[in-house]
Amino acid sequence: MSFVKDEQFLGLVKDEKLMLLVPEVRSGHIVKLTEMPIQAAINPEVQEISLRKHEGKAIMVIGKGSDDWIYSAELIDLAGPIVSTLVQKVFKKDK
């Protein structure tokens, strides 16, 4: 049995999903959050964490990253409007 170590993720909430900014290798990926452990035998949607009330904000989460989900997710910090705006500007990519 292998254990996946918890990681920290920084992202911006958009359309009730988390657009990752950190870690840099996952920057731009869109994920959902679930309290479900990664090895659970049921769908992660069962314990999906709603991000509706955090729309437009920067949040920091710890958990176990997967392709489309962060498992065993726990919100550890929530930025206010000023810091969220600064995070958006710092991580804005030229398009």
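Computed from a predicted structure; not experimentally measured.
Applying the side chain to side chain contact (heavy atoms under 4.5 Å, CB included) criterion to Ile82, with sequence neighbours excluded, gives Leu86.
Here the CG-CD1 distance, from Asp77 to Ile62, works out to 11.5 Å after rounding to the nearest 0.5 Å. Here Leu12 contributes atom CG and Lys17 contributes atom NZ; the two are 15.5 Å apart, rounded to the nearest 0.5 Å. The line from CE of Met19 to CG of Leu10 is 9.5 Å long, rounded to the nearest 0.5 Å.
Looking only at distances, no side-chain donor or acceptor of Ser27 sits under 3.5 Å from a matching main-chain atom of Val22.
Among pairs with a residue in residues 66-75, none fulfils side chain to side chain donor-acceptor pair (under 3.5 Å), at least two apart in sequence or across chains. Sorted by first and then second residue, the pairs that involve residues 49-59 and meet side chain to side chain donor-acceptor pair (under 3.5 Å), not counting sequence neighbours, are Glu16-Arg52. A salt bridge (charged side-chain N to carboxylate O under 4.0 Å, His left out) check over residues 31-50, counting only residues at least two apart or in different chains, returns nothing.
The hydrophobic cluster containing Val61, built from Ile/Leu/Val/Met/Phe/Trp/Tyr side-chain heavy atoms closer than 4.5 Å, also comprises Phe9, Val13, Leu18, Leu20, Val31, Leu33, Ile49, Leu51, Ile59, Ile70, Leu75, Leu78. The hydrophobic cluster containing Val25, built from Ile/Leu/Val/Met/Phe/Trp/Tyr side-chain heavy atoms closer than 4.5 Å, comprises no other residue.
No side-chain heavy atom of Glu7 sits under 4.5 Å from any side-chain heavy atom of Lys64.
Ala58 and Ser84 get closest at one heavy-atom pair: N-OG, 2.9 Å.
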Next on the checklist: If you apply the rule side chain to side chain contact (heavy atoms under 4.5 Å, CB included), what do you find for Ile76 with Gln8, and how did you get there?
Outcome noted: CA-CA 9 Å; Ile76 59 171; Gln8 283 189 335; 3.8 Å; yes
